[in-house]
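Each remark here refers to the structure printed beneath this line.
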Amino acid sequence: MTDAPDAESESESGSGLAAEKARRLAHVGELRSAGVEPYPYRFDRTHTLAEVRAEWGTLEPGTETEHRVTVAGRMMLRRDTGKLVFAQLRDRDGEIQLFISKAVVGDEAFEQISDLDLGDWLGAEGTVMTTRTGELSVRVERLTLLAKAIRPLPDKWRGLTDVDTRFRQRYADLIVNEEARRVFRVRHELVSSIRRTLAGHGYVEVETPVLHVEAGGAHARPFVTHHHTLDMQLYLRIALELHLKRLIVGGMERVFEIGRIFRNEGISTRHNPEFTMMELYQAFADVTDVMAITEELITTATLDCTGSTLLTIRGQEVDLAEPWPRHRMVDLTSDAVGEEVHPRVPIERLRAIAERHGLRPEDHWAPGKYVEEIFEATAEHQLVRPTFVTGHPVDVSPLARTDRTDPLLTERFELFVDGRELANGYSELNDPVEQRVRFEHEQAFKDAGDAERATVDEDYLRALEYGMPPTGGLGVGIDRVAMLIAGVDSIKEVILFPTLRPEVW
RNA sequence: GCGCCUCUAGCUCAACGGCAGAGCAGUGGACUCUUAAUCCAUUGGUUCAGGGUUCGAAUCCCUGGGGGCGCACCA
């Protein structure tokens, strides 16, 4: 764990990373010998760099003021012209130039400036000025080293592009790539926008268990873990749904959770084994209310993140403020294949259609499973603009309420944008007797070989027996929405530390 | 899991069967208004690892490892 480079012998070689680190570590030693602490405990600044720019950003070129400021940041660039050094300081939300004149700071302090390295954290005290060319600067009177960087920064102009290094060393990515900083600001703004919108509608934010005895609420392979004291197998949650609906039974009426869920499945540009889901449940609401709040949440968040409701998706400009089209899955799919696709169609017919579209049906597939698979193989990827796909078959929607006009379908929707599923919602099934039958069907499919099907969750059924009011529910994949708004095409770009194989040291 | 691509200095990249190079960073020097400062000089390599082919391998082949993309998987 302790990094102990062989400073003496490496410095003899004169170059390379080890030598560079040795040189800087040697300087740390010199500073301490001279009574200067290279890692001081704290530093008080009077202004952030953005505050300096906000207050004095409009000064005329060649202005010298008496306004004293103390700022702090990381030195990103240095331009040495002899007895005058310009350094670019950056903090969380701004940059400012330091104007360091030998005549101002004195010979001794000026000598020490050449020992600073790009990447060092500095504190600077001085007066606000602009240079002859108009660059807002701090005319430094006193410079304090706040933390010595031992390792050199990546290329100052081209940044860090190697994706492996960018994700493994996200700290370095954030230091040198403005785009990475932008994406995570978008993500932050997305999440806080959702919280604001939901708070405005009277939702209560809750936290439910991550460790589950039954991994329910979705069809997915769970991660399995073990509790020593209880000596029992536990699963990391694959959805938030069933606990949140227990809270609706409890009378909380409007609840939501933004939480990490875990699915032990493949990794791709759209999948990370752990990802963030927002689920909400609203008493007395049905699927139409849920679609309305879905539109509001995503449109408002886009506006909050970008200042506009316009997005460019696959080169197509889309205004999220326009109503999002709603189509039944069976209609979209029937149109796509040129004949009726519906759970009521004889299963031999569905099998033929599925095989015609390159699918390999399995014996345990129910009619609704065929409908869903054919939809995914044909119509799904064509849904570029935000589109609500509704009316999923009952036999693939064990927690959704039956459509009041078609007993083989449910009052459910999935939101697709750019061919990707971003959200899923429905009128919640609240009849405990029917829910038990649905669970038993799930269990039967599982026994028939479909490992991702659910089992009977007796505690959830007990909760429903106490009475759950009519309820609408929604799940939103936060990472995918962040991708959409930030305009990036890999989920790893919106997850600070995506799942990677362990580094070989 | 399968297929294709990829891995060269701290970073960004050349060299593609014939002496491993450049820019940035670093080091030494010049310069008191720079903006990726500039100018002069300069250090730095287990070419991912191992094996093979060859007079000769960063380069071709094999095995392994990391990563990317696609497929599969994935409410």
Side-chain angles (χ1 to χ4, degrees), chain A residues 10-24 61-62 76-88 95 97-104 110 114 117-119 129-135 137 139 150-169 172 175-176 217-221 238-239 241 263-273 275 277 329 358 360 368-369 372-373 375-376 380 389 392-393 396-400 410 412-414 420-421 423-426 451-454 475 477 489-490 492 498 500-504:
Chain A
E10 293 294 352
S11 63
E12 297 299 324
S13 73
S15 70
L17 178 61
E20 175 66 10
K21 287 167 69 176
R23 184 186 69 74
R24 298 191 190 200
M76 298 305 296
L77 292 173
R78 181 176 54 189
R79 298 178 283 275
D80 185 340
T81 70
K83 297 184 181 64
L84 181 62
V85 171
F86 300 91
Q88 202 71 29
E95 293 196 354
Q97 178 173 268
L98 300 182
F99 181 102
I100 309 165
S101 167
K102 188 172 187 177
V104 174
F110 194 76
S114 64
D117 289 293
L118 298 185
M129 60 167 285
T130 53
T131 62
R132 289 174 202 160
T133 54
E135 183 73 33
S137 307
R139 182 189 194 82
I150 296 308
R151 185 177 287 267
L153 292 179
D155 193 290
K156 70 180 180 186
W157 180 240
R158 306 173 84 156
L160 189 60
T161 61
D162 182 76
V163 285
D164 185 24
T165 311
R166 284 187 49 230
F167 297 146
R168 286 190 196 281
Q169 302 184 31
I175 290 170
V176 296
H219 288 153
R221 287 176 62 190
I238 58 172
E241 178 157 358
R263 296 187 181 178
N264 203 343
E265 285 160 357
I267 295 176
S268 77
T269 51
R270 290 167 291 283
H271 300 86
N272 196 64
F275 61 103
M277 185 88 97
M329 178 182 282
R360 297 189 305 273
K369 177 71 171 171
E372 187 176 51
E373 291 283 343
F375 165 73
E376 289 175 4
E380 178 182 278
V389 176
H392 298 55
V396 294
S397 310
L399 300 164
T410 57
R412 176 178 170 190
F413 72 88
E414 288 178 312
R420 295 172 190 156
E421 183 203 340
N424 176 27
Y426 33 88
E452 286 166 359
R453 291 284 183 159
D489 53 18
S490 170
K492 290 187 174 73
L500 299 171
R501 282 192 172 82
E503 194 169 356
V504 179

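Proteins come first, then strands; the chains are lettered A, B, ... in the order of their sequence lines, and each starts at number 1. Because only heavy atoms are used, hydrogens play no part in the values below, and waters and symmetry mates are left out as well, while side chains stay in.
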Kindly give the atom pairs (protein nitrogen or oxygen, nucleotide nitrogen or oxygen) under 3.5 Å for nucleotides 3-8 of chain B.
none

Practice problem: Report the residues that fulfil side chain to side chain contact (heavy atoms under 4.5 Å, CB included) with A:L160, sequence neighbours left out, ordered by chain and then residue number. | Solution: A:P154, A:T165, A:R166, A:A172, A:V176, A:N177
Quiz item: Base, sugar-phosphate alone, or nothing: which one does A:G217 contact when heavy atoms must sit under 4.0 Å apart?
Solution: base
Practice problem: With sequence neighbours left out, write down each residue that passes side chain to side chain contact (heavy atoms under 4.5 Å, CB included) with A:A87, or none if nothing qualifies. | Solution: A:M75, A:L98, A:I100
Quiz item: So what's the dot-bracket for RNA chain B: Watson-Crick or G-U pairs under 3.5 Å, [ ] if a pair crosses, | if it pairs off-strand?
Solution: (((((((..((((....[..)))).(((((.......))))).....(((((..]....))))))))))))....
Provide a list of protein-nucleic acid N or O atom pairs under 3.5 angstrom, restricted to nucleotides 67-70 of chain B.
{"residue": "B:G67", "atom": "OP1", "partner": "A:R168", "partner atom": "NH2", "Å": "3.3"}
{"residue": "B:G67", "atom": "OP1", "partner": "A:R501", "partner atom": "N", "Å": "2.9"}
{"residue": "B:G67", "atom": "OP2", "partner": "A:R501", "partner atom": "NH1", "Å": "3.0"}
{"residue": "B:G68", "atom": "OP1", "partner": "A:K492", "partner atom": "NZ", "Å": "3.4"}

Quiz item: Taking the same atom, C1', in B:U53 and in B:C62, what whole-Å distance lies between them?
Solution: 10 Å
Quiz item: Taking CD1 from A:I150 and P from B:G26, how many angstroms apart are they, rounded to a whole number?
Solution: 14 Å
Quiz item: Which part of the nucleic acid, if any, lies within contact of A:G475, taking any heavy atom under 4.0 Å across all strands shown: a base, the sugar-phosphate backbone alone, or nothing?
Solution: nothing
Exercise. In whole angstrom, give me the gap between the P atoms of B:A58 and B:U47.
Key: 7 Å
Quiz item: Atom CG of A:L160 and atom C1' of B:C13: how far apart are they, to the nearest Å?
Solution: 14 Å
Quiz item: How far, in whole Å, is B:U12 from B:C19 if one measures between their P atoms?
Solution: 26 Å
Practice problem: For B:G56 versus B:C11, give the span between their C1' atoms, rounded off to a whole number of Å. | Solution: 32 Å
Exercise. Pick base, sugar-phosphate or nothing for A:P398, based on heavy-atom distances below 4.0 Å to the nucleic acid.
Key: base
Quiz item: Taking only residues two or more places apart in sequence or in another chain, which ones pass side chain to side chain donor-acceptor pair (under 3.5 Å) with A:T410?
Solution: none
